[in-house]
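Here the structure comes first, spelled out in structure tokens, and everything after it is commentary.
The chain is numbered in sequence order, starting from 1. Everything numeric in this text was worked out from a predicted model, so none of it was measured.
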Amino acid sequence: MQLFVSDGAPGNLPVLAAAGRAGARGKLLISTVGPEERVVPFLTRPKLPVLKLDSDRYLFSTSAICRYFFLLSGWEQDDLTNQWLEWETTELQPALSVALYNLVVQGKKGEDVLSPVRRALIHIDHSLSRRSCPFLVGDSESLADIVLWGALYPLLQDPTYLPDELAALQTWFRTLSVQEPCQQAVESVLKKQGILAFRSYLQKQPQPSVPLERPVSNEPEEDELPAHTLSEEEIVIAVTIWEQGLEALPTLRPRQNPVLPVAGERNVLITSALPYVNNVPHLGNIIGCVLSADVFARYSRLRQWNTLYLCGTDEYGTATETKAMEEGLTPQQICDKYHTIHASIYRWFNISFDFFGRTTTPLQTKITQDIFQRLLSRGFLLKDTVEQLRCERCARFLADRFVEGICPFCGYEEARGDQCDKCGKLINAIELKKPQCKICRESPVVKSSQHLFLDLPKLEKRLEEWLGRTLASSDWTPNARFITRSWLRDGLKPRCITRDLKWGTPVPLEGFQDKVFYVWFDATIGYLSITANYTDQWERWWKNPDQVELYQFMAKDNVPFHSVVFPCSALGAEDNYTLVSHLIATEYLNYEDGKFSKSRGVGVFGDMAQNTGIPSDIWRFYLLYVRPEGQDSSFSWTDLMLKNNSELLNNLGNFINRAGMFVCKFFGGCVPKMTLTPDDQRLLAHITLELHQYHQLLEKVRIRDALRCILTISRHGNQYIQVNEPWKRIKGNEADRLRAGTVTGVAVNMAALLSIMLQPYMPTVSTTIQTQLQLPPAACAVLPTNFPCFLPAGHQIGIVSPLFQKLENDQIESLKKRFGGGQLEDSLELKAKVSKAEAPTEIANPEQIKLLTDAVTKQGNIVRELKAQKADKAQVTAEVAKLLELKQQLALAEGKPLEASKGKKKK
């Protein structure tokens, strides 16, 4: 191995420290070259340091070189380290480059140097403090520690730039700095010149631009930021908008059907990754794509953007064939069965698709084959012979998902033939160690078969030019950028687009009629065909890149197919396709301390959530509260109970209920006259600022952080009520009663604002609040950018009742046990009952289901209101009976089995 370095290059520090830490320095030939020497022949500009491997391959990313040294020493990759390396590349380096340039080249000092990196340093310090570990990943130094230490050392060697209040960061930095590999790296690079050692090199580099965006973090950042001091202008503007009332609302835009792009408007096309039809989605699947996309779609509609939200089931490929064999059905029967299951689950979760389709349609075949023919005629396809695994016992070539074995990269023993679920790397099936046929468990043999390949290297330049234009002005999540860069950094390779299967889109080429397209090639084309099944004017969305913004939501394992493979196919087809503008990828949601597993009965799956007795909006809220935006997160039953009881019941629900009850109890259900004091005016300005923050975050698709703005406003509301005590003032003199009226009127208007802000997150709760407050229809469908008075004095509200119920510890412990493996027996018993059925239950049409769903909601509100009013027991019992009857009708309409009625246990 040969390591090329240049004197004064900051990247030398982590690379040499990593080599020393991994015991690789003795194997290195280190060559010093000039800063302008282009070591890597295929790069257009110099890049140092560079590691040239014995295979003549080059590594020219600092973190990639460090990772290689650690891998040589037997280090096993882990997700947390990868997340730190991604953060170092996307967040720390841009800020650090500015700080070092200011210090070393421009001679600036103090805050001019510290300001660009202050937030990054705080992020590291808080992470170390929260984990209560001496290092970033655990109790011993890791690859992440070495890379970040090496990046920070040029700046933090001067104690001036290591603030005393960041005690955890100080301890971490000093601990690493005294370790031998790090000391040797410092001696080699700085050569006793201190910070001046970097001047000559940095002077030859272009001046870095100041990063504009704040680093992405999933944690609330209120404690990191100073409290905003309101200006007189902000207060005056807030009061002016308030006084305009409903006149301040933008004009309501009528919804068209079908939804089509409109010239001069903001046209937003939203897709969520097409779920495989062969299984039931679990909570991680739901938050990763459809629920996240639904929040943004609902928000877009509230902003009056012209919005189309599409999804559907991905039905072709090996996964379907496998499931069909398991269940003794045909692939088409499997698709029909699970498409209905998926649609029912998403309907229960209140996902607001404009259209939910499927990929097994004639239009899917037509559009896929058209793109294929265009790629073929333009020379972007190759023919080659592929070595594949063939099971002699089954007498068939084994598609990737029919093979399992040991991952060649991380050693995971249940890796699939196309991708490892543990490390996420894509795999060729023949690379698996100890492969087995999933059907008969025999060891397959390697044989040859001719296939077609997409010539990605030939399209790489077009892709890079498109990415260069797109990424500069878009909201791709950091992990999407990182994954895409890693594919390009390693150089694109031709990718096989055909498979020896029966169930798929047929290949329209002589000699390949017995093959189908590989599902990763045509699954993303499913977005186009689903739109075509929605409207015959689909090309106005998908061949209109100048007028359409495309937002695509997915988990991180789907990123390469949306950022590299489909864009290359579309660019090569040369048919003016709309490509993704904003690629939004989540990390993974785990279940408690492990992973979701249907086979082991671990975790909550979509069809099971409905039977927990917990409303869908509570599930939506909690999944969005723990949405894995910057790193993996976990579903926890205990935390669900805590968030429901504290944030929803005691904070949000408590405030909205009190505001409405005060109007009913003290003012006969009419909003009282409001005379604003300076304190009230400042409150309006604070709420307006929080609303602005909510908009800014959702426009950047930071869904989890925006949810906290809602909870912050309700906390302001609770505090406002507690300080002003309207229940006491209403009993006082005229001035006190007037003050009670003002506080109550402002509070109930805050509740009205919250009902609209809640709509993307908790649509049923939102509608319930708006019904209770009798919020005018025009106000329910649009979310303003400022806070007007929605409910003027004299407005009559409806009956107010509690929004949320407490989750009890016994209830949660029971559910925790049930979904920790306890439901497997029930699942098997249910499957046995289903298999004995002569025919599937008939599913009603969507219109009937919607009518019944609305009737259940309405009747449920009646029951809650009667209970809140402590009405006559016989009246309550009669209305409950009506509710149960409606629920049974809805269950029948949705094709669900009827449950036996459960009476109350006697005490």
Side-chain angles (χ1 to χ4, degrees), residues 216 249-255 259 262 265-272 286-311 346 349-354 474-477 548-554 580-586 616-617 620-625 627 629 652 687-714 752-767 769-770 775 777-788 790:
V216 174
L249 296 178
T251 305
L252 191 61
R253 183 185 178 281
R255 287 274 294 171
V259 182
V262 178
E265 292 192 19
R266 184 171 183 182
N267 300 298
V268 177
L269 177 58
I270 301 171
T271 70
S272 49
I286 290 167
I287 186 59
C289 50
V290 295
L291 179 53
S292 295
D294 182 62
V295 172
F296 189 72
R298 289 176 177 276
Y299 173 72
S300 298
R301 296 180 192 120
L302 284 174
R303 293 298 305 275
Q304 300 294 287
W305 301 337
N306 188 35
T307 303
L308 178 64
Y309 176 26
L310 298 158
C311 188
Y346 303 139
F349 274 96
N350 224 333
I351 307 299
S352 62
F353 302 121
D354 290 292
S474 69
D475 294 316
W476 287 39
T477 50
V548 173
E549 280 184 83
L550 173 57
Y551 286 79
Q552 295 197 294
F553 289 77
M554 67 205 67
V580 61
S581 311
H582 311 280
L583 204 161
I584 314 301
T586 60
S616 61
D617 266 17
R620 286 177 63 110
F621 169 82
Y622 183 68
L623 290 174
L624 292 162
Y625 193 94
R627 183 173 184 263
E629 290 188 0
L652 180 67
I687 302 306
T688 300
L689 285 174
E690 206 63 47
L691 178 59
H692 289 172
Q693 176 76 349
Y694 172 91
H695 280 301
Q696 290 168 8
L697 290 168
L698 276 181
E699 285 175 6
K700 293 289 185 182
V701 205
R702 289 178 58 177
I703 294 170
R704 177 174 169 173
D705 289 342
L707 177 56
R708 287 172 167 81
C709 296
I710 296 173
L711 301 174
T712 298
I713 290 176
S714 62
L753 174 65
L754 286 169
S755 77
I756 308 169
M757 294 174 72
L758 266 175
Q759 206 258 59
Y761 295 89
M762 306 179 78
T764 302
V765 170
S766 168
T767 301
I769 299 168
Q770 291 167 3
L775 191 64
C780 297
V782 58
L783 179 61
T785 53
N786 293 292
F787 178 23
F790 293 101

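Annotation for Thr307 and Ala297: closest pair CG2-O, 4.1 Å, computed over non-hydrogen atoms. The two residues Leu698 and Ala706 have their closest heavy-atom pair at CG-CB, 3.6 Å. Heavy atoms only, all atoms of each residue included: Asn350 and Arg298 are closest at O-NH2, 2.8 Å. Ser474 approaches Trp476 most closely through the heavy-atom pair OG-CD1, 3.0 Å. Shortest non-hydrogen contact noted between Thr586 and Ile287 is CG2-O, 4.4 Å. Heavy atoms only, all atoms of each residue included: Leu691 and Leu783 are closest at CD1-CD1, 4.3 Å.
Residues Val295 and Arg627 fail the side-chain proximity criterion, which asks for heavy atoms closer than 4.5 Å. With a 4.5 Å cut-off on side-chain heavy atoms, Asn306 and Arg253 count as touching. Ile703 is listed as a side-chain neighbour of Val701, based on a closest heavy-atom distance under 4.5 Å. Between Glu699 and Arg303 the shortest side-chain heavy-atom distance falls below 4.5 Å. With a 4.5 Å cut-off on side-chain heavy atoms, Phe790 and Leu249 count as touching. Side-chain contact between Asn786 and His692 is present, with heavy atoms from C-beta onward closer than 4.5 Å. Proximity of Leu758 to Leu652: side-chain heavy atoms (C-beta onward) are separated by under 4.5 Å at one or more points.
The aromatic rings of Tyr299 and Trp305 lie perpendicular to each other, with more than 60° between the two planes, well past the 30° mark.
Of the charged side-chain nitrogens involved, none lies within less than 4.0 Å of a carboxylate oxygen, so that Arg702 and Glu629 do not count as a salt-bridged pair. Electrostatic pairing of Asp294 and Arg620 counts as a salt bridge here, judged by a charged N lying under 4.0 Å from a carboxylate O.
Side chain of Ser766 to backbone of Met762: no donor-acceptor contact under 3.5 angstrom is found. Not one N or O on the side chain of His582 forms a donor-acceptor pair closer than 3.5 Å with the backbone of Tyr551. Side-chain atoms of Ser581 come within 3.5 Å of backbone N or O of Leu550 as a donor-acceptor pair. Looking only at distances, no side-chain donor or acceptor of Thr764 sits under 3.5 Å from a matching main-chain atom of Asp617. Checking side-chain atoms of Ser292 against main-chain N and O of Gly288 turns up no donor-acceptor pair under 3.5 Å. Checked by atom type and distance alone, the side chain of Arg704 never pairs as donor or acceptor with a backbone atom of Leu624 at under 3.5 Å.
The residue from Thr271, Leu269, Ile351 that alone fulfils the side-chain contact (heavy atoms from CB on, under 4.5 Å) condition with Tyr309 is Ile351.
Here CZ of Phe787 is found 12.5 Å from CD of Glu690. Values are rounded to the nearest 0.5 Å.
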